[in-house]
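Have a look at the structure below before the remarks.
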2 protein chains.
Amino acid sequence: MTDDTEPIWLRAERAATGRPAERSRAEITAAAIAVADRGGLEAVSMRNVADELGTGAASLYRYVNGRDDLLDLMVDATAAEPRLEPPTGDQVADLTAFAEELRATMVRHPWLPELVLTRPSLGPNAVAALDHVLDVLADHPGDGRAKLEIFALLNAVVATFALNERAAADRPEQAVAYLRHVAATGRRPRITALLEDLAAPDDRHRGDALTAILSGLLR
Amino acid sequence: MTDDTEPIWLRAERAATGRPAERSRAEITAAAIAVADRGGLEAVSMRNVADELGTGAASLYRYVNGRDDLLDLMVDATAAEPRLEPPTGDQVADLTAFAEELRATMVRHPWLPELVLTRPSLGPNAVAALDHVLDVLADHPGDGRAKLEIFALLNAVVATFALNERAAADRPEQAVAYLRHVAATGRRPRITALLEDLAAPDDRHRGDALTAILSGLLR
DNA sequence: AGACTTCGGGAACATCGTTCGCAAACTCAG
DNA sequence: CTGAGTTTGCGAACGATGTTCCCGAAGTCT
């Protein structure tokens, strides 16, 4: 019997003896991701995922300790999607390239930013990505703690951008509705000016902010 | 009848006519925060909050469109806690001071980081905080879009730190359990080295990373 | 005083995560 | 080949959740 308090990555997938399992963790993860891609995070219920697989909901508990495990598996599965190019020597450029891969993954899976931000857990694929970032930062002075911090912040910043971008795209008026009301009161001139800037066309290209952040962090 | 698609801040609180309400939005928000402070976010159910107030669960829907509204109210209520000191001229220092106030608020309300990260919404108190940041950045070149970005990132970074800090404090072994296993395989020397650095005592003082980020962003 | 409107909240509904228990499917020792 | 042992699949059930309905109670306004 495997310890239930261990992360799922350390629990044995199948038993050597007894009736063989009909499915694998990977299949279940893929089904969960399919459901999420189609209906968002809230659609990822045990019953929905089971339906996607054509099984009963209770069967999932043979592969996973609960819904949380499922979410962890989903996150780590997507962590395999970014292409990890060999370091070029330009640390900031390498990291922004990785960040762009991350962003593309999050566009492909709109439910991902929320999970990444809420659920800090490192699975095998996330460790591979971390290893890649450590590779890029090999020549960088500073201990592992600082580099781990950079990795965490890179993920968080990209996820935050992705989340905000999506919110602005899905409900454009809702996002600024209250700001507009505040501006209308005339009591906060700085907010009013801000709204005028938001109305202007966006000529900045994405990634500027991230480059600035990374430049600061790498000192 | 107020439009249900509007953010809650634009919906009238009480009706002018008819039976007067026995409670206020503020009371309900305070009850929800009390429940969350005591039992975490998942304890914030309509029934629990109603119990805290001594009312029925269905009554809450007279004040709020649903649980999501309640969460928005909670977030904005905490946005009033940070003290907003007048700008000194040192932008980075002023922003890190604000960030420290934010962090303290999140320590007081451990459920807050998750909401801040997941739910980008600006209520009256959040707008006041934004206004303060705009005040600090008054002399800064760059349009409102960039400043709004700085505000969003400031919140996100502080919340990310708070979340990770809490996870590390609550389940210290769980966080690195899998990393330790990866190191034990010997197949990822960079991860092994990272773990050794993590074992060493932490001599960096908090806020270094944020200062670096802000310096980069403010160029 | 009567029409009107809002509020409080018990009851009910759909859905959720999860547990239980048992029949079926398989491995392995003898 | 057999039977003991182990694991899997999963229908049924439990408790908790968010939310809606409905109606009596409690006010305001003409």
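Just so we're on the same page: letters track the sequence lines, and every chain starts at 1. What's counted below: heavy atoms across the whole structure, side chains too, no hydrogens, waters or symmetry copies.
- Proximity of Tyr63(B) to the phosphate of dC7(C): no side-chain N or O atom is located under 4.0 Å from OP1 or OP2.
- In this structure, the CD atom of Glu13(B) is 14 Å from the C1' atom of dT6(C), given to the nearest Å.
- Scored by the side-chain contact (heavy atoms from CB on, under 4.5 Å) test, Ala43(B) finds Val35(B), Asn48(B) as partners (sequence neighbours excluded).
- Of all the residues in residues 16-35 of chain A, Gly18(A), Arg19(A), Pro20(A) reach under 4.0 Å from DNA chain C with at least one non-hydrogen atom.
- For Asp94(A), the side-chain contact (heavy atoms from CB on, under 4.5 Å) criterion is met by Pro87(A), Thr88(A), Val136(A), not counting sequence neighbours.
- The CZ atom of Arg14(B) sits 14 Å away from the C1' atom of dG8(C) (whole-angstrom rounding).
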Going 5' to 3' through nucleotides 12-22 of chain D and flagging B where a protein heavy-atom sits under 4.0 Å of the base, S where only the sugar-phosphate is that close, and - otherwise, we get -B---BBBB-B
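- Side-chain contact annotation: Asp76(B) with Trp9(B), donor-acceptor N/O pair under 3.5 Å absent.
- For residues 105-134 of chain B, the pairs satisfying salt bridge (charged side-chain N to carboxylate O under 4.0 Å, His left out) are Arg188(A)-Asp131(B), Arg190(A)-Asp131(B), Asp68(B)-Arg119(B), Asp72(B)-Arg119(B), Glu81(B)-Arg108(B), with sequence neighbours left out.
- Listed by chain and residue number, Pro7(A), Leu10(A) satisfy the side-chain contact (heavy atoms from CB on, under 4.5 Å) test with Ala177(B) (two or more places apart in sequence, or in another chain).
- Sequence neighbours left out, the pairs with a member in residues 42-53 of chain A that pass salt bridge (charged side-chain N to carboxylate O under 4.0 Å, His left out) are Arg38(A)-Glu52(A).
- Remark: Ser59(B) is in phosphate contact with dG9(C), judged by side-chain N or O atoms under 4.0 Å from OP1 or OP2.
- Looking at residues two or more places apart in sequence or on another chain, you find a ring-ring contact (aromatic ring centres under 6.0 Å, His included) between Phe98(B) and His132(B).
- When the side-chain contact (heavy atoms from CB on, under 4.5 Å) test is applied to Ala175(A), no partner is found at least two apart in sequence or on another chain.
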